[in-house]
Amino acid sequence: MTAPEIRTALLAWYDANARALPWRAPPGSGRRTDPYRVWLSEVMLQQTTVPHATPYFLKFLQAWPSVTALAAADDADVMAAWAGLGYYARARNLLKCARAVAEDHGGVFPDSEAGLMRLPGLGPYTAAAVAAIAFDRPANVVDGNVERVISRLFAVEEPLPAAKPELKRLAAGLVGDERPGDWAQALMDLGAVVCRPKAPLCDRCPLTAHCAAYARGDHESFPRKSPKAERPHRHGVAYLLTRGDEVALVRRPPRGLLGGMLALPTSEWRAAPFSADEALAAAPVAAAWRSAGAVDHVFTHFSLTLRLYRAEADAAGVIWTRRSGLTALPSVFLKAAKTGLNRLI
DNA sequence: CATTCGTGGAA
DNA sequence: TTTCCAAGAAT
């Protein structure tokens with residue numbers, strides 16, 4: 001197999017099969033997407049599906065059409081707009097990055113992979129992707145899709161994540177000088193649409209003639225993966241303190257889980273369940289708390305049962321928010337609020 | 001190098 | 001129902 005043959009075959013496939021995405025210039029159109037849009041979409045797509053990220057991309061673009069507009073935004077507005085998309089460090093770094101570009105780079109994104117790597121929230125993947133897609137630089141863009149495609153193409157036996165360096169080396173051997181942005185997107189589109197994790201559509205793949213896993217007949221067994229640790233379970237209590245139509249919220253500390261986001265007041269989250277007495281002792285204010293059900297939620301590295309308590313009372317030191325404003329909450333708290341308020345929002 | 005960090009859709 | 005997992009980065 002030769003790299004030029006693979007490039008030619010995949011780019012031809014991409015010309016005919018590229019997905020139309022809001023942040024993408026059609027292949028062969030001679031147009032290039034605004035670096036701001038490339039960056040915004042790439043950050044939103046980190047560990048996030050296209051259908052989930054798309055409405056957020058459109059909403060952000062409407063609210064903040066340029067990197068300088070985003071740099072001037074209020075933190076609370078950006079965090080609220082990100083609510084529900086997850087991995088909230090991305091939103092914090094999004095603002096840091098926008099402000100760095102505005103203040104240190106005259107509002108213009110660096111056009112090199114190395115320059116992009118210095119910006120907050122841009123790691124090896126995103127820096128390479130923006131360099132390739134926005135600036136047509138020949139970068140080795142390796143995401144989960146590319147790792148899967150390469151692992152099958154070369155039948156890499158080493159399991160992930162240990163195989164990452166080897167997969168990146170193999171991917172680098174395929175990168176050429178022609179159409180770097182299209183090449184990067186072609187490889188990712190192939191992984192997303194054809195070379196899928198389950199039930200890959202090999203009869204539609206332009207690379208089967210070059211694919212070692214296809215030749216072996218066990219393409220779906222790649223990439224190999226190391227067994228992952230099981231997810232522990234935790235318990236906590238969330239408090240729904242209402243004042244008429246308003247709900248008491250708090251701002252979570254700027255680091256850690258759900259950092260910087262609005263939230264319901266909660267107890268600590270721990271392995272042992274909370275008794276009723278413990279739940280009342282951990283309440284943010286003294287009030288006539290009544291049990292209001294519970295919700296379960298699954299985070300990346302633990303699952304959570306949140307017992308709910310509700311009371312009607314005034315309080316200081318909280319952020320009183322109308323029920324219509326609860327969309328600014330992360331999903332776990334939106335779920336808790338809907339349940340605890342008896343689905344009245 | 002291992003851990004921390006969300007969410008919702010699909011099978 | 002359970003499991004997997006999607007255009008990863010920061011620490």
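Computed from a predicted model, the values in this text were never measured in an experiment. So that the names make sense, note that chain A is the first sequence line, chain B the second, and so on, each numbered from 1.
- Applying the 6.0 Å contact sphere to CD of A:E268 captures more than 12 heavy atoms from other residues, nucleotides or ligands.
- Seen from the ring of A:F302, A:R234 counts as a face-on cation partner, given the 6.0 Å and 45° thresholds.
- Residue contacts shown for A:G259 are absent, as no nucleic acid heavy atom lies under 4.0 Å away.
- A:W39 comes within 4.0 angstrom of nothing in the nucleic acid, heavy atoms only.
- Among the heavy atoms of the strands, none lies under 4.0 Å from A:V146.
- Map A:Q185 and A:L119 each onto its nearest nucleotide of DNA chain C; the residue landing nearer the 5' end is A:Q185.
- Cation-pi geometry between A:R31 and A:W23 is not met at under 6.0 angstrom from the ring centre and within 45 degrees of the axis.
- Annotation for A:R148 and A:G191: closest pair NH2-O, 2.8 Å, computed over non-hydrogen atoms.
- For the pair A:R224 and A:F222, the cation sits on the ring face: its NZ or CZ lies under 6.0 Å from the ring centre, inside 45° of the axis.
- Residue A:L122 is classed as a sugar-phosphate contact, given heavy-atom separations below 4.0 Å to backbone atoms only.
- The residue A:R148 sits close only to the backbone: its heavy atoms come under 4.0 Å of sugar-phosphate atoms, none of a base.
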Audit row: A:R196, A:E220, salt bridge (Lys or Arg N to Asp or Glu O under 4.0 Å) steps and yes/no:
CA-CA 9 Å; A:R196 309 182 297 192; A:E220 200 169 336; over 6 Å; no
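- Within 4.0 Å of A:R92, counting heavy atoms only, lies no atom of the nucleic acid at all.
- For the pair A:L116 CG and C:dA9 C1', the interatomic distance rounds to 15 Å; values are reported in whole Å.
- Nucleotide C:dA6 holds its C1' atom 10 Å from the CZ atom of A:R90, rounded to whole Å.
- Mapped onto DNA chain B by nearest heavy atom, A:Y87 and A:R196 fall at different nucleotides, with A:Y87 at the one closer to the 5' end.
- Taking atom CG of A:L190 as the reference point, atom P of C:dA6 lies 14 Å away to the nearest angstrom.
- A:M117 has its CE atom 11 Å from the C1' atom of C:dA10, to the nearest Å.
- Residues A:F302 and A:K335 each lie close to DNA chain B; by heavy-atom proximity, the contact nearer the 5' end of the strand is made by A:F302.
- Looking at every heavy atom in both residues, A:M188 comes nearest to A:V141 through CE-CG1, 4.2 Å.
- Rounded to an integer number of Å, the gap from A:D296 CG to C:dT2 P is 11 Å.
- Aromatic rings from A:H297 and A:F299 are positioned such that their centres are separated by under 6.0 Å.
- Summary of the strand contacts: A:N93 and A:M188 both lie near DNA chain C, and taking for each the nucleotide with the nearest heavy atom, the more 5' one is attributed to A:M188.
- Ring pair A:W82/A:F60 is perpendicular by interplanar angle, where above 60° counts as perpendicular and below 30° as parallel.
- Residue A:W13 is tested with A:D15, A:L11, A:N17 for a side-chain contact (heavy atoms from CB on, under 4.5 Å); the sole match is A:N17.
- Of the residues A:Q47, A:M44, A:Q46, the one that meets the side-chain contact (heavy atoms from CB on, under 4.5 Å) test with A:Y87 is A:Q47.
- Near DNA chain C, meaning a heavy atom under 4.0 Å away, there are no residues from residues 200-208 of chain A.
- If you check every strand for non-hydrogen atoms under 4.0 Å, A:G191 touches nothing.
- Residues from residues 40-52 of chain A that place a heavy atom under 4.0 Å from any atom of DNA chain C, listed by number: A:E42, A:L45, A:Q46, A:Q47, A:T49.
- Residue A:L21 is in base contact, counting any heavy-atom pair closer than 4.0 Å across all strands shown.
- Stacking of A:R310 on the aromatic ring of A:W289 is not recorded, the 6.0 Å distance cut-off and the 45° axial limit not both being met.
- Between A:Y88 atom OH and C:dG8 atom P there is a gap of 17 Å when expressed in whole angstrom units.
- Backbone-only engagement by A:P120 is indicated by non-hydrogen atom pairs under 4.0 Å involving sugar-phosphate atoms exclusively.
- Ring geometry for A:Y56 against A:H52 counts as perpendicular: the plane angle is over 60°, on a 0 to 90° scale with 30° as the lower cut.
- An OP1 or OP2 oxygen of C:dC4 is reached within less than 4.0 angstrom by no side-chain nitrogen or oxygen of A:K225.
- In this structure, A:K96 reaches neither bases nor backbone, as no heavy-atom distance under 4.0 Å exists between it and the strands shown.
- The outermost nucleotides of DNA chain B lying under 4.0 Å from heavy atoms of chain A, listed 5' to 3', are B:dT4 to B:dG8.
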